[in-house]
Amino acid sequence: MSATRYTYLGPEGTFTEAALRTLPEAATRELVPMVSVPAALDAVRNGEAAAALVPIENSVEGGVTATLDELASGEPLMIYREVVLPIAFALLVRPGTKLSEIKTVTGHPVAQPQVRNWLRAHLPEAVWESAASNADGARLVQEGRFDAAFAGEFAAATYGLEPLVTEIHDAENAETRFVLVGRPARPAAPTGADKTSVVLWLGDDHPGALLELLQEFAVRGVNLMLIQSRPTGAGIGNYCFAVDAEGHIADRRVGEALMGLKRICPKVRFLGSYPRAGVSAEDVRALRRGTSDAEFTAASDWLARVQDGRA
Ligand SMILES: O=C(O)C(=O)C[C@]1(C(=O)O)C=C[C@@H](O)C=C1
């Protein structure tokens, strides 16, 4: 295993690479671009890389399904940390290309919904075809396979292109969340502003089955930040749920919620507890009464005393 190698969704010039370079440790790692999210994660699974940075959620398009599905199946992996990056696209073209000459455009599938209105207004006749990533789209424009690509402005130089239009984003403040994924290990200590990711499978189909899962969090005052259903592949109507909950597995309320889920779900996959990007302990909302570690401990001490006849 190379402890110094990090893979990422490449090629060079993706938003994923820009996100990876915001991590302090990136300066001392060998950063290796991979052709796809599965390829980046497989390098971790087979020991060629210590970790991989991959996109998982966009504020306009929602979950990045390739990442969610990879984390839900196969050899278990764990999220070590997250990075959130503001996203604005540039329309990259070969030097000299005019807007009126653009007949074909490309980009990552997650990019398209973020620029749909702009395309409708400025290039209504252009044909869209998806690329493996935004930077890969830029590479295809360089090769002459498309007239223009939506990518980060910073990708232009790498592929000998020029940004014809910049700051393209249908939604103000669009962001993509990326996760640094490694092999399962002991989660880093709680910071007071943490997130816990799990994948949950429903048992037998019955009214309220999903509600029962959610109640495990609700009764312990655990706030949910994401719930995304994904088909299990076992037939229509078979879904698992990727859930992000506020807090750390070392927090009693989170640990007890996961124990409750373990008792009622046929399968629970823990994906990690890690610090929330851009949030510090002071920003975290106050806990609901009765859900702090001290209150959980006091309650279990009380139960032990009652069981002992000492209450
Ligand atoms: O990293 C890139 O540039 C990508 O192509 C991936 C990705 C994504 O999947 O979310 C990253 C950010 C943008 O929102 C669109 C695409």
Side-chain angles (χ1 to χ4, degrees), residues 6-23 26 31-41 43-44 49 51-72 79 81-92 105-119 128-143 145-146 148-159 161 163 165-181 197 226 228 230 242 244 277-278:
Y6 279 8
T7 52
Y8 65 91
L9 173 64
E12 267 173 62
T14 54
F15 285 108
T16 312
E17 182 188 0
L20 181 54
R21 290 190 186 278
T22 66
L23 297 180
L31 308 183
V32 183
M34 304 296 281
V35 291
S36 64
V37 167
L41 296 178
V44 177
L53 194 83
V54 290
I56 192 163
E57 182 186 0
N58 173 262
S59 61
V60 176
E61 180 54 3
V64 178
T65 53
T67 301
L68 290 169
D69 293 349
E70 275 292 318
L71 294 180
I79 300 173
R81 57 190 298 175
E82 65 175 7
V83 181
V84 176
L85 196 75
I87 302 289
F89 292 94
L91 187 71
L92 304 186
V105 277
T106 187
H108 188 274
V110 171
Q112 206 248 10
Q114 300 183 67
V115 298
R116 197 178 282 146
N117 293 341
W118 189 93
L119 270 175
W128 169 280
E129 221 178 281
S130 291
S133 70
N134 297 311
D136 197 48
R139 190 183 60 76
L140 295 171
V141 172
Q142 182 184 38
E143 286 179 2
R145 311 247 299 269
F146 293 95
F150 286 98
E153 191 179 344
F154 44 80
T158 311
Y159 297 97
L161 303 178
V165 186
T166 58
E167 289 300 316
I168 304 174
H169 43 78
D170 288 358
E172 281 298 320
N173 309 322
E175 299 177 313
T176 293
R177 188 165 74 89
F178 302 83
V179 284
L180 185 70
V181 175
S197 298
L226 170 123
Q228 171 104 25
R230 292 296 303 148
D244 283 355

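Remember, it's 1-based here, ligands and their atoms both numbered in the order they're listed. Note that the structure is predicted; figures quoted are calculated from it, not measured.
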Going from [atom1] on [X] to [atom2] on [Y], what distance comes out if it is rounded to the nearest 0.5 angstrom?
X: Glu129; Y: Phe146; atom1: CD; atom2: CZ; answer: 4.0 Å
X: Tyr6; Y: Leu23; atom1: OH; atom2: CG; answer: 7.0 Å
X: Arg21; Y: Leu31; atom1: CZ; atom2: CG; answer: 5.0 Å

Would you mind checking which non-hydrogen protein atom is closest to [atom], with the distance to 0.1 Å?
atom: atom 12 (C) of ligand 1; answer: Thr176 OG1, 3.5 Å
atom: atom 16 (C) of ligand 1; answer: Asn134 ND2, 3.2 Å
atom: atom 1 (O) of ligand 1; answer: Thr16 OG1, 2.6 Å
atom: atom 6 (C) of ligand 1; answer: Leu9 CD2, 3.8 Å
atom: atom 10 (O) of ligand 1; answer: Val110 CG1, 3.4 Å
atom: atom 9 (O) of ligand 1; answer: His108 CE1, 3.1 Å
atom: atom 3 (O) of ligand 1; answer: Phe15 N, 2.8 Å

Original post:
Going by an N to O cut-off under 4.0 Å, is there a salt bridge joining Asp170 and Arg116?
Top reply: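 No, no charged N to carboxylate O under 4.0 Å.
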Original post:
Among Ile87, Val110, Val179, Val37, which one satisfies side-chain contact (heavy atoms from CB on, under 4.5 Å) with Pro55?
Top reply: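 Among Ile87, Val110, Val179, Val37, the one that satisfies the side-chain contact (heavy atoms from CB on, under 4.5 Å) with Pro55 is Val37.
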**OP:** Output all residues satisfying ring pair (Phe, Tyr, Trp, His ring centres under 6.0 Å) with Phe178, sequence neighbours left out; order by chain, then residue number.
**Re:**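 Partners of Phe178 by the ring pair (Phe, Tyr, Trp, His ring centres under 6.0 Å) criterion come out as none, since no residue qualifies.
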Using a strict cut-off of 4.0 Å, indicate which atoms of ligand 1 neighbour a heavy atom of [X].
X: Asn58; answer: 14 (O)
X: Ser133; answer: 5 (O)
X: Pro55; answer: 8 (C), 9 (O), 10 (O)

Original post:
Does ligand 1 have an atom that lies less than 4.0 angstrom from a heavy atom of Glu61?
Top reply: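 Glu61: no contact with ligand 1 (<4.0 Å).
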**OP:** For Thr176, enumerate each residue passing the side chain to side chain donor-acceptor pair (under 3.5 Å) test, keeping only those at least two apart in sequence or located in another chain.
**Re:**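 Thr176 satisfies side chain to side chain donor-acceptor pair (under 3.5 Å) with Asn58 only.
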**OP:** Answer with yes or no after comparing the ring centroid distance for Phe15 and Phe154 against a 6.0 Å cut-off, counting only values under it.
**Re:**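 Centroid separation for Phe15 and Phe154: below 6.0 Å.
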